[in-house]
Amino acid sequence: MKKAPRISLIGAGIMSATLGILIKKLMPDAQITIYERLDRVGAESSNAWNNAGTGHSAFCELNYTPQRENGEVDISKALKISESFEISKQLWAHLLQAGEISTQSPFINDIDHMSFVWGQENKDFLKARYKAMNKYGIFKDMVYTDDFDQIKDWIPLMMEGRNQDETLGVTRMEIGTDVNFGSITRAMIRFLEQCDGVELLLAHEVEAIKQIDNGWLIESKNLTSKQDKTLAAEFVFIGAGGGALPLLEKTDIPEARGYGGFPVSGQFLKCNNPDVIARHEAKVYGKAAHGSPPMSVPHLDTRMLDGERSLLFGPYAGFSTKFLKNGSYLDLPLSIEMHNVWPMLSAGIHNIGLTKYLVTQVMQTMEDRFEFLRTFYPEADINDWELITAGQRVQIIKKDEEDGGVLKFGTEIVTNESKTLAALLGASPGASTSVSIMLDVLNQCFPDEMNTKNWQTTLTNMIPSYGQSLIKDADLCMSIRDKTTSILKLD
Ligand SMILES: Cc1cc2nc3c(=O)[nH]c(=O)nc-3n(C[C@H](O)[C@H](O)[C@H](O)COP(=O)(O)OP(=O)(O)OC[C@H]3O[C@@H](n4cnc5c(N)ncnc54)[C@H](O)[C@@H]3O)c2cc1C
């Protein structure tokens, strides 16, 4: 890449904000343009009310630790996600300590993460999971109990009205977190705006991305003045969340062919009774029902939003053809093209269980949803709860030689051959792992620069564990965690 490269970041969510910060630190003279179709930053999936705010560290999310047929619990994904979250915390701590970001109330809060299961089979699974995880420094502080009184001490609200004979199992990690991803996104973009060579274009919708000899032309419309604007860039990142797939299709790169997307909206029950909210202080994740998708794992969550405490239960799935919460009902139909129609149909045929799950979810009444809440909190009163709609997730459907099309639940970085464009598809595990995902983008698109001493020194300055394993090196993990815990005031 030449000196003073022009870089376009499409979307002002946590992904573009993170990549913008990394790029500005690594290439201080880069000219960065951030496009955002809304008139504010971090207002789609990254907005605190549009996601669950869990700092995904795999402490409590049972879907990251599947059980193999031989009974062993596979914790490889959990280790990777946990390490990624430690990496995110390091960057946030660095920016906070350097005075480069600030927020009115803390954007990250210390909330216990617990897994809660019932029934002998689930209890055995949780114990096996705990034993497999506890061997690693990164999960060292995890504790397990099946003692009724101990559980009651940890989560009294959930134990009200339960029978002493119930078979229960719980793990607890006291260093779990609740994160306001919207707040950190806005803080990072505020910092970027103060840097030389950074321009934030709010209410600018990118309509086309055209390849030219030395990069790309980005065509956008100012949604207020209705004026068109065309700017050139040598590198483009499509961090448009649910809007990334349609934009990727517009680039016409061969690597985009065969991708489709299916939107699923998230809904939560929100508690409006201050007395109930005050009696629960944890993020408690259960086990997803058999056949349901990973993002459906139920949890009863304490949230800290702008200094105020709330209590949410969910998620429930809703259906909308919009790819963005503030999108258009035509998003899904317009995304269907010749190259992805078969992958989408095949994915549908191979995921009948998921289709059934979604239909059942959409058909649910408030009473059905409430009955589910009562499996967590038996004495819940329906009058204390209201249904709220969170953000949209666009599940990726990818062309597959054998099956025609497969449904992917993670995130996927799509790049062109010359590595001048990268797009991020999918939304899980999401914002928590944003720093690792953006480092992956840099590794794929700037491989030579990432190997230079200059870049590595800068990265190590921001992320002290950069290039080392927090999974293998327990001492390093503990010392880094202690430091970020102290800077982010999580103790
Ligand atoms: C219900 C739900 C619960 C979740 N829970 C968690 C959780 O507990 N923990 C976690 O870590 N993650 C969670 N996630 C995932 C997390 O919210 C996302 O991974 C993350 O916010 C994605 O960030 P982003 O920057 O890619 O997208 P976004 O925050 O959606 O930002 C994309 C931006 O691009 C803009 N845009 C779109 N199209 C255009 C265009 N054409 N031109 C200009 N701008 C455009 C949009 O307006 C938007 O502001 C959850 C998501 C959902 C939906």
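As the structure lists them, so they are numbered: ligands from 1, and atoms in each ligand from 1. These numbers come from the heavy atoms of this one structure, side chains and all, not from hydrogens, waters or symmetry mates.
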Contacts of A390 that satisfy side chain to side chain contact (heavy atoms under 4.5 Å, CB included) - sequence neighbours left out: F268
Would you mind listing which atoms of ligand 1 come within a distance below 4.0 Å of any non-hydrogen atom of E205? 41 (N), 42 (N)
Pick one of side chain, backbone, both or neither for how E207 approaches ligand 1, counting any non-hydrogen atom pair under 4.0 Å. neither
Pair F235 + F446: ring centers closer than 6.0 Å: yes
Going by the order shown, which atoms of ligand 1 are within less than 4.0 Å of some heavy atom of H204? 42 (N), 43 (C)
Are any of the N/O atoms on A431, whether in the backbone or the side chain, positioned under 3.5 angstrom from an N/O atom of ligand 1? yes
Can an N or O of I10 be found at a distance shorter than 3.5 Å from an N or O of ligand 1? no
Is the shortest heavy-atom distance from the side chain of W385 to the side chain of K270 under 4.5 Å? no
Backbone or side chain, does any N or O of G266 fall under 3.5 Å from an N or O of ligand 1? no
Below 4.0 angstrom from a heavy atom of N50, which ligand 1 atoms are there? Numbered from 1 as shown, please. 1 (C), 2 (C), 52 (C), 53 (C)
Please determine if E44 has a nitrogen or oxygen closer than 3.5 Å to a nitrogen or oxygen of ligand 1. no
Checking T230 now: which residues fulfil side chain to side chain donor-acceptor pair (under 3.5 Å) with it, not counting sequence neighbours? none
